[in-house]
Structure formats: C-alpha cells, structure tokens
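To keep things clear, I will list the structure first and then write my remarks on it.
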Amino acid sequence: MVRVRLAPSPTGTLHIGTARTAVFNWLFARRHGGQFLLRIEDTDKERSKPEFTENILEGLQWLGLSWDEEPIHQSARVEHHRQTIQQLLDAGLAYRCFASEDELTAMREAQMASKQAPRYDNRHRHLSAEQQAAFVTEGRMATVRFRIDDQRSIEWKDLVRGPMRWAGADLGGDMVIARRAPADQIGDPLYNLVVVCDDAAMGITHVIRGEDHIANTAKQLLLYEALGLQQPEFAHTPLILNQAGRKLSKRDGVTSVNDFRGMGYTADALANYMTLLGWSPPEGMEERFSLTQAAEVFGFERVNKAGARFDWDKLNWLNGQVLHELGREELLKRLIPLWQDAGFAPAECSEAWCLQLCELIGPSLTLLADGVDQAKPFFVRPELQDDAKGQLEVPGAREALGALLKLLPEGPLGAEEAKPLLAQACESAGVKKGVLMKSLRGALLGQLQGPDLMDSWLLLHTRGEDGARISRCLG
Ligand code: GLU
C-alpha cells in the first residue's frame, strides 16, 4: 500500500511550493490507490502558530487535496524522538559534542581562511570518559551528533532524478540531531532525525518533496540504516522558479495560496496549474484537466528534472477555461456577492437578465473579478470615454443614433426585430452600418471596446436604458 505524506511547517501560510508538493503527493497516492497523510512539523515552538496550521489545512481543502487519517502533530511525538536519539547514543552511533558556539565559529573562520569548505571537524567524536567528565564538571552544555563516515558514498534511485550519489564527506561532518542542552539531558530533536522517526512510524513508502531536500535525503538514509528502519523511496521534485529563472521567493510578491485566492484564481485552475509546474501530461491529454483526471495518469517519469518557471499566461488561460466551464448559473452565483460589494443592484434585475449578462461576459473573463468591471456598464451608466466621444463626431453618427432612438419600441425587443431597426436608421441618416454600430456601442457602453453589441443592446433595452443612453449623446 502506497503511503505518502505532506509535512508542512506551520510557520507561515500555505506556500505555493508546499501546495505543489501536496499536489504531487496526492496525485501519486490516488494513482496507486494509496493514502495521502499530513504531518504538521510544529517543533519550532517560537515560529509555529496554530493559525498557520489552520490556514494550511483550509488551503489544502480548498484545492481539493483531501487527506486520509487525522493529521499527525510532530510536537506530540517528541518523547519518541528522544528515545531514538538515546538509542543511537547507546549504540555508539551518536555522541555528545561539548563544543561551544564560539569554538565552532572560530573553527569555521579558520577553515574559510584556509579556503576550505566550512564543516564540523568531528573534534568531539572520540572524547575519553575523563574529557567528557571534565566538560560536564565545567558545566558545559552539549549537542548530540550523529556520526557520518566521510568515506561513505550514499546512493539511491530517485524516482524523478534517477541514480543519485552523495559523498559522506560532503555532508558537513557529524550532524547535530539534538540541540544544545545540559549534558545529562537530550535537547530538542532536530529535523533530519525527527523526519526519519516519523516517516518510519507512519509507514511512509514514498517521500515526495522539493529538490532543496536532496542533501537531507542523503543524511536521512544514513539514519534509516543506523536505526535498522525500512527505507522509503524518494522523489525530488523541481523547484518553482520565477520568470527570471530564480527560485520563487517572497520578493516575487505572490507566494502563498492565499495570495492567488485573493487575486480571484479558482481552486481548479490553481491545482491544474500547479500540476503542470513540473509535470507534463501524456500525449493526447489536454493541459486543462481536473486533479482526478490527472491522477489517472500521473507518474514521475513525466516530472521534469529542471526547475519549473512560473507562467502567468498559462495560469490565466486555465482560470479563464475554468470560469467558462462553470456555466452561467454557477458563474452568476459566484458573481452576485462581488456585484453587491461593488454597489451594483442585481436584485433589481430579473434572474433571467442576470443570467444573460453572465452568458455575455463569461467568455472574456480571466479572473472572477473581471466580471465586476465587465458587468459595470450594464448596471451603472458609464461616462463617455474619449474614443466614444470621437466616434460621435463622425459625420452622420448623431443623425443615425437619433433615427434609431425614434424607432425604439416601448416594449421588449428581440434580436430579430432589432436588426431591421438598425438598417432603417442607417438608411434615413444616409450612413454605413459600421458608423451606426460603432456609435451605438459608444453611446451604450461609453467606449468602443466590449462584448457583443447586439446582445449588450438588448440587455440594456430590457432595463429601459438604451433610449436614455442614446439621448444623452444627441445634445
Ligand atoms: N517541514 C519540512 C518542510 O516544510 C518537510 C520536508 C520534508 O518533506 O521532509 O520543508
């Protein structure tokens, strides 16, 4: 049984990179009829906040990434982590390091001065019992370090990147697995140790996470081995890059799922887009798909090794597609609150009229919020823009509009009756049809750009607005 997990740290809102990792985990689990679990890595007491956990869970839910089982809170498992560290100490695979912060800084500075890469020089790996006792008597605090053999080569077959090899010598020396604490205690257990304990306890079969964790994977594999635990498989997914090709960061403005939500992107479009950030659908499959559709074909063989560049045009296109697929009823349901917030009064118009408006503007929406701007001239009489004013100065424009005004019926107007009215007005003013059409657009919508003119006119006629808007242009 495939069991994967997302292990977010609740030190901020749901990040787009975490959400994309969640998508890949979810797709892989669903593809294999497996389980997708959550583990909240809340061991950083200062920076972890319950409101961030809430935001992360809510964001995942919004995206449609349902999880199995109750989320695990890592902080609740600290005793287990400490026991594991004790086990490594007892086996001689870990030891206490009494080096002070100042000593470690001096060591690193000396290494850098002699052009060596900074690393822990394993100075306390072989302390004698007397040396240890002396440090304890001195009242020194100690970290716990896990021994890393420089001669080791760590190898695994990554599901995305293929065969991987990491030299033990490149892991920075014996690694700290528990923070500094009085020497008769074990300090706060640290990330690599804790992740291995928890992934093993949760029965995780595949660890799917960003490629920034590759060096951690090498360290974690050594811990699996030392603890005699079954190693999971690993898949390291490409980073998300900004348009300049650098890792997407806070400086890029939008990084949190909240930001995208606030900008009006739909969950479906964002989930679809995140899947495409690093994965390409098999030949013959469209780029617009649901998570369920993607889960039928998802596999790591189609995940790129190279970083995935963020492409706003594609996200916008997908969002437009999703909005078009909604259908006019659903679109109306989502637009009504936005229209109300904008001060429009949809309640004064019939539902049929609102639905027609949705049908008219729907195809040109990229973001839901565009539905406010585009609906505005139908609710609120617009000011004439310069292009519309210019159009009214075209010879014959006002005459044609005046002729049309006289022909407008009091009652309802259908498309079939409207067309001959235009032809008649053109004839009586002696202008080409194009002149009247452009002028009518300017008069009705205040500018020369916009949705289908005939449909716009008929909608405005239903509200008795066409005559009033034409009249104001004639004076
Ligand atoms: N808490 C880690 C992070 O958010 C988890 C990494 C992992 O998946 O092991 O980066």
Side-chain angles (χ1 to χ4, degrees), residues 2-29 34-50 52-57 59-60 65 67 71-78 81 84 146 154 156 158-161 164 166 171 175-177 179 188-224 227 229-240 247-250 255-257 274 278 300 303:
V2 163
R3 278 168 71 87
V4 297
R5 70 355 180 235
L6 181 76
S9 308
T11 53
T13 54
L14 179 57
H15 187 274
I16 187 84
T18 310
R20 203 273 310 257
T21 302
V23 168
F24 282 7
N25 273 282
W26 187 94
L27 290 172
F28 187 73
Q35 288 171 326
F36 170 56
L37 312 179
L38 291 185
R39 182 172 70 237
I40 306 299
E41 304 216 316
D42 56 351
T43 48
D44 182 339
K45 291 177 212 120
E46 251 119 71
R47 294 171 60 228
S48 298
K49 302 245 156 38
F52 292 138
T53 300
E54 226 168 88
N55 174 277
I56 291 167
L57 298 185
L60 293 172
L65 301 169
W67 56 89
I72 301 275
H73 287 261
Q74 195 160 55
S75 55
R77 295 179 36 79
V78 66
H81 304 144
T84 308
F146 171 69
I154 302 130
W156 75 94
D158 196 275
L159 294 172
V160 174
R161 308 174 72 86
M164 301 288 287
W166 204 279
L171 290 176
M175 103 171 120
V176 181
I177 53 174
R179 259 188 241 283
D188 291 337
L190 289 177
Y191 167 75
N192 281 305
L193 180 280
V194 164
V195 163
V196 169
C197 285
D198 292 349
D199 282 340
M202 290 165 74
I204 298 303
T205 57
H206 297 75
V207 172
I208 303 163
R209 59 187 173 197
E211 68 173 33
D212 44 336
H213 284 287
I214 289 180
N216 286 329
T217 296
K219 294 175 183 171
Q220 290 171 20
L221 281 168
L222 292 175
L223 283 165
Y224 277 102
L227 293 165
L229 296 169
Q230 166 86 33
Q231 295 175 354
E233 301 228 44
F234 289 90
H236 289 97
T237 56
L239 296 182
I240 303 177
K247 189 177 166 182
L248 194 75
S249 75
K250 282 223 164 65
T255 46
S256 140
V257 166
M274 286 191 295
F300 289 109
V303 172

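When a ligand or atom number is given, it counts from 1 through the structure's own listing order.
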Is there a donor-acceptor contact under 3.5 Å from the side chain of D42 to the main chain of S75? yes
Working for salt bridge (Lys or Arg N to Asp or Glu O under 4.0 Å), residues R5 and D198: CA-CA 10 Å; R5 70 355 180 235; D198 292 349; over 6 Å; no
Any non-hydrogen side-chain atom of M175 less than 4.5 Å from a side-chain atom of L190? no
Report every pair formed by an N or O atom of ligand 1 and a protein N or O atom separated by less than 3.5 Å, giving atom names and the distance to 0.1 Å.
residue  : atom   : partner : partner atom : Å
ligand 1 : 1 (N)  : A7      : O            : 2.8
ligand 1 : 1 (N)  : S9      : OG           : 3.0
ligand 1 : 1 (N)  : E41     : OE1          : 2.6
ligand 1 : 8 (O)  : R5      : NH1          : 2.6
ligand 1 : 8 (O)  : R5      : NH2          : 3.4
ligand 1 : 9 (O)  : R5      : NH2          : 2.9
ligand 1 : 9 (O)  : Y191    : OH           : 2.7
ligand 1 : 9 (O)  : R209    : NH1          : 2.7
ligand 1 : 10 (O) : H213    : NE2          : 3.1

Would you sort out whether H213 and Y191 count as a ring pair (Phe, Tyr, Trp, His ring centres under 6.0 Å), showing the intermediate values? CA-CA 11 Å; H213 284 287; Y191 167 75; 5.8 Å; yes
We want to know whether S9 and R47 form a side-chain donor-acceptor pair, criterion being a heavy-atom distance below 3.5 angstrom. no
Are any non-hydrogen side-chain atoms of V4 and F24 less than 4.5 angstrom apart? no
